[in-house]
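Taking it in order: structure first as structure tokens, then the write-up.
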Amino acid sequence: MSLLAEDTEAADLGLRWKPGFAALGPAFFTELRPTPLPDPYWVGRSEAVARELGLPTGWHESKVTLAALTGSLPVAGARPIATVYSGHQFGVWAGQLGDGRAIMLGETEAGLEVQLKGAGRTPYSRGGDGRAVLRSSIREFLCSEAMHGLGIPTTRALCVTGSDAPVYREEIESAAVVTRVAPSFVRFGHFEHFAANQRDEELRALADYVIDRYYPACRTTDRFGGNAYAVFLEAVSERTAALLAQWQAVGFCHGVMNTDNMSILGLTIDYGPFQFLDGFDPRHICNHSDTQGRYAFNQQPNVAYWNLFCLAQALLPLIGDQEVAVAALESYKTVFPNEFEGRMRAKLGLTEAAEGDRPLIEGVLKLLAAGKVDYTIFWRRLSGYMADGNVEPVRDLFLDRAGFDAWLLSFSQRHAGADRALAAELMRRSNPKFVLRNHLGQQAIEASQQKDHSGVATLLALLQTPFEEHPGADAYAGFPPDWASTIEISCSS
Ligand code: AMP
Ligand code: MG
């Protein structure tokens, strides 16, 4: 087959591509083609992401699109690459990692990078097979869209495509590809990679690229004496602090906060053994492989700071002064608590800060932890109480009624004289009714494994607008069944 014939067979997805990250040059990636996923089928699609990408209506009806998104057809105008990065995993330097199974098609003219995760081996696969299993692909797809629905910065997912091709993990599973979308998939680990290899030129090129594209304001300030790299580090650290505040407020546990899983844009990235808390347990460990609890729920803000320290170390050759680098991380310590308190205040229906807010927040979290009270249900019921004045559904959640009543008194005093309807509305918009609990994902996965993908679509619709009531969908907003606590999610995906 001639090259020309091959080119004419490329799938035109209706997207226009630009060089984007690839303009950095071959030191940053390897050009390659995805490995076709045999006999693919659709598992789930997000029309919201399709619209964001500007895909034509009916985009998914064509077999050509399905073939292109599973690696069987090249995408017209795209130059697929796998990028190289390194990172600290579980606190230990892991050396070179890289996109071992995610292949980036490129960046669209509108500025969105598109990646096929699970699209086959790359030079960075190390011992891996380059594949992703259906189970973890559905989880990533649903959670990306759920986080976006919650208003939490995240990479997005256009679709999940499956195949009956076997993938060998603890058990034999089936393969899938998630088409992921983000303005950039650059991680802390990309910077660590070039710093660790003393490749200052590439390190600078990468930092300049990321600053020019995503943090242009760093170039036009006098902060840190006009040291743009220090300003950049500070900006990343503040975005990360804001992200962590949102995770902690919604009860999201990431599970694998290695530096290669930290987005330079402060997005939630690389969904693996994540979990939304059921009963509130600050020390909850959602990753079955995390035996030491390094990434336990209440450790996350500190771990993010530790990861930022690794980023600071990597940027040091550019910043040029250790004291300045350390100073650039300083604001994390104020931004995180301020953002967290702001989010918690909104959950309590409070628009303005007042003295005593911190004990009010700490008090309720203590009560929730003591009773392992369901985190999402508590906040949603508290919102209901603010709307209708019926406290019983909330009080029923606590064994320690006296403790709850005492807290409720201070909560009510804090709201004295305030507009209850307004507060109730703020609470309804701040306390989701639907989150992607493990057991909900699991039910949708098991049905999908039997070729019924309707559960994925149903969950997606609820999670995209999680603050709405969705009459008739209460079964998805209830307590987890007993078997939910037996679900073990590890790094294996
Ligand atoms: P993760 O823990 O999923 O963030 O992955 C850590 C590193 O392992 C990254 O470099 C991944 O690309 C790589 N990796 C994970 N699973 C596979 C796989 N099945 N095949 C190849 N590389 C993988
Ligand atoms: Mg990763």
Side-chain angles (χ1 to χ4, degrees), residues 28-30 32-35 37 71 80-104 113 115-141 143-144 154-155 157 160 162-163 165-178 180 182 184-194 196 253-265 267-275 285-291 294-295 300 303-304 307 310-311 489-493:
F28 296 84
F29 57 84
T30 304
L32 76 179
R33 286 207 170 174
T35 308
L37 191 67
I81 59 171
T83 73
V84 64
Y85 54 79
S86 294
H88 284 85
Q89 298 186 316
F90 290 90
V92 178
W93 177 245
Q96 182 179 308
L97 303 163
D99 295 323
R101 53 178 170 169
I103 295 179
M104 182 153 85
E113 293 183 351
Q115 261 194 359
L116 305 181
K117 180 170 176 179
R121 288 181 52 81
T122 79
Y124 316 110
S125 298
R126 298 171 293 149
D129 58 6
R131 290 302 184 194
V133 301
L134 179 66
R135 165 179 57 85
S136 58
S137 302
I138 290 175
R139 280 170 55 85
E140 169 143 19
F141 169 70
C143 202
S144 307
T154 178
T155 63
V160 185
S163 164
V167 177
Y168 302 90
R169 299 291 183 263
E170 281 85 356
E171 295 170 8
I172 300 181
E173 301 193 44
S174 63
V177 169
V178 189
R180 304 199 289 192
S184 172
F185 285 96
V186 170
R187 302 142 190 275
F188 290 9
H190 280 96
F191 292 89
E192 291 179 278
H193 179 74
F194 294 102
C253 202
H254 181 281
V256 204
M257 288 178 67
N258 294 332
T259 57
D260 54 303
N261 291 340
M262 296 292 292
S263 153
I264 204 70
L265 300 186
L267 309 172
T268 314
I269 192 171
D270 278 15
Y271 293 89
F274 69 83
Q275 187 178 3
I285 302 163
C286 65
N287 180 355
H288 195 62
S289 318
D290 182 9
T291 45
R294 178 178 174 84
Y295 299 138
Q300 297 189 125
V303 168
N307 290 343
C310 293
L311 179 65
I489 312 241
S490 69
C491 280
S492 159
S493 60

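Order of appearance sets the numbers: ligands from 1, and atoms from 1 within every ligand. Residues take their numbers from the sequence shown, with the count starting at 1.
- At a 4.0 Å heavy-atom cut-off, ligand 1 does not touch Arg121 at all.
- Among the atoms of Asp270, an N, O or S atom falls under 2.8 Å from the Mg ion (ligand 2).
- Set against the non-hydrogen atoms of Gln89, the atoms of ligand 1 under 4.0 Å away are 6 (C).
- Aromatic pair Tyr271/Phe141: centroids not less than 6.0 angstrom apart.
- Glu113 approaches Phe185 most closely through the heavy-atom pair OE1-N, 3.0 Å.
- Ligand 1 has no N or O atom lying under 3.5 Å from any N or O atom of Ser493, backbone or side chain.
- When heavy-atom distances to ligand 1 are checked against a 4.0 Å cut-off, Tyr124 has no atom that comes that close, whether in backbone or side chain.
- Below 4.0 Å from some heavy atom of Tyr85 lie the following atoms of ligand 1, by number and element: 9 (C), 10 (O).
- Of all the listed residues (Ala82, Ser136, Gly100, Ala94), Gly100 holds the heavy atom that lies closest to atom 22 (N) of ligand 1.
- Within the 4.5 Å cutoff, side-chain heavy atoms of Asp129 are placed close to those of Arg169.
- Residue contacts with ligand 1 for Asn261 involve side-chain atoms from C-beta outward but no N, CA, C or O (heavy atoms, distance under 4.0 Å).
- Residues His88 and Phe188 have side chains not in contact (no heavy-atom distance under 4.5 Å, counting atoms from C-beta outward).
- Considering Thr154, Ile264, Thr155 in turn, Thr155 is the only one that fulfils the side-chain contact (heavy atoms from CB on, under 4.5 Å) rule with Ile269.
- Between the side chain of His193 and the backbone N or O of Leu97 there is no donor-acceptor pair closer than 3.5 Å.
- Proximity of Lys117 to ligand 1, defined as any heavy-atom pair under 4.0 Å, is not found for any part of the residue.
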Q | Derivation and outcome, side-chain contact (heavy atoms from CB on, under 4.5 Å), residues Lys117 and Arg101 | A | CA-CA 6 Å; Lys117 180 170 176 179; Arg101 53 178 170 169; 4.1 Å; yes
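- Arg126 NH2, 3.1 Å is the protein heavy atom nearest to atom 7 (C) of ligand 1.
- Nearest protein heavy-atom contact of atom 15 (C) of ligand 1 is Arg101 NE, 3.6 Å.
- In this structure, the side chains of Leu32 and Pro123 come closer than 4.5 Å at one or more pairs of heavy atoms.
- Shortest contact from atom 19 (N) of ligand 1 to any protein heavy atom: Asp129 OD1, 3.0 Å.
- For ligand 1, the atoms sitting less than 4.0 Å from at least one non-hydrogen atom of Arg169 are 19 (N), numbered in the order shown with element in parentheses.
- At a threshold of 2.8 Å, the Mg ion (ligand 2) has a backbone or side-chain N, O or S atom of Asn261 nearer than that distance.
- In this structure, atom 5 (O) of ligand 1 is not in close contact with the protein, since no protein heavy atom lies within 4.0 Å of it.
- In this structure, Asp270 counts as a contact residue of ligand 1, since one of its heavy atoms falls inside 4.0 Å of the ligand.
- Counting heavy atoms from C-beta on, the side chains of Phe29 and Met104 never come closer than 4.5 Å.
- Atoms of ligand 1 lying under 4.0 Å from at least one heavy atom of Leu97, given by number and element, are 10 (O).
- When each of Asn261, Leu265, Leu311, Thr259 is paired with Arg187, the side-chain contact (heavy atoms from CB on, under 4.5 Å) condition holds for Asn261 and for no other.
- When Gly118, Gly98, Gly130 are checked for heavy-atom proximity to atom 10 (O) of ligand 1, Gly98 turns out nearest.
- Nearest heavy-atom pair across Val160 and Ala176 is CG1-CB, 4.1 Å.
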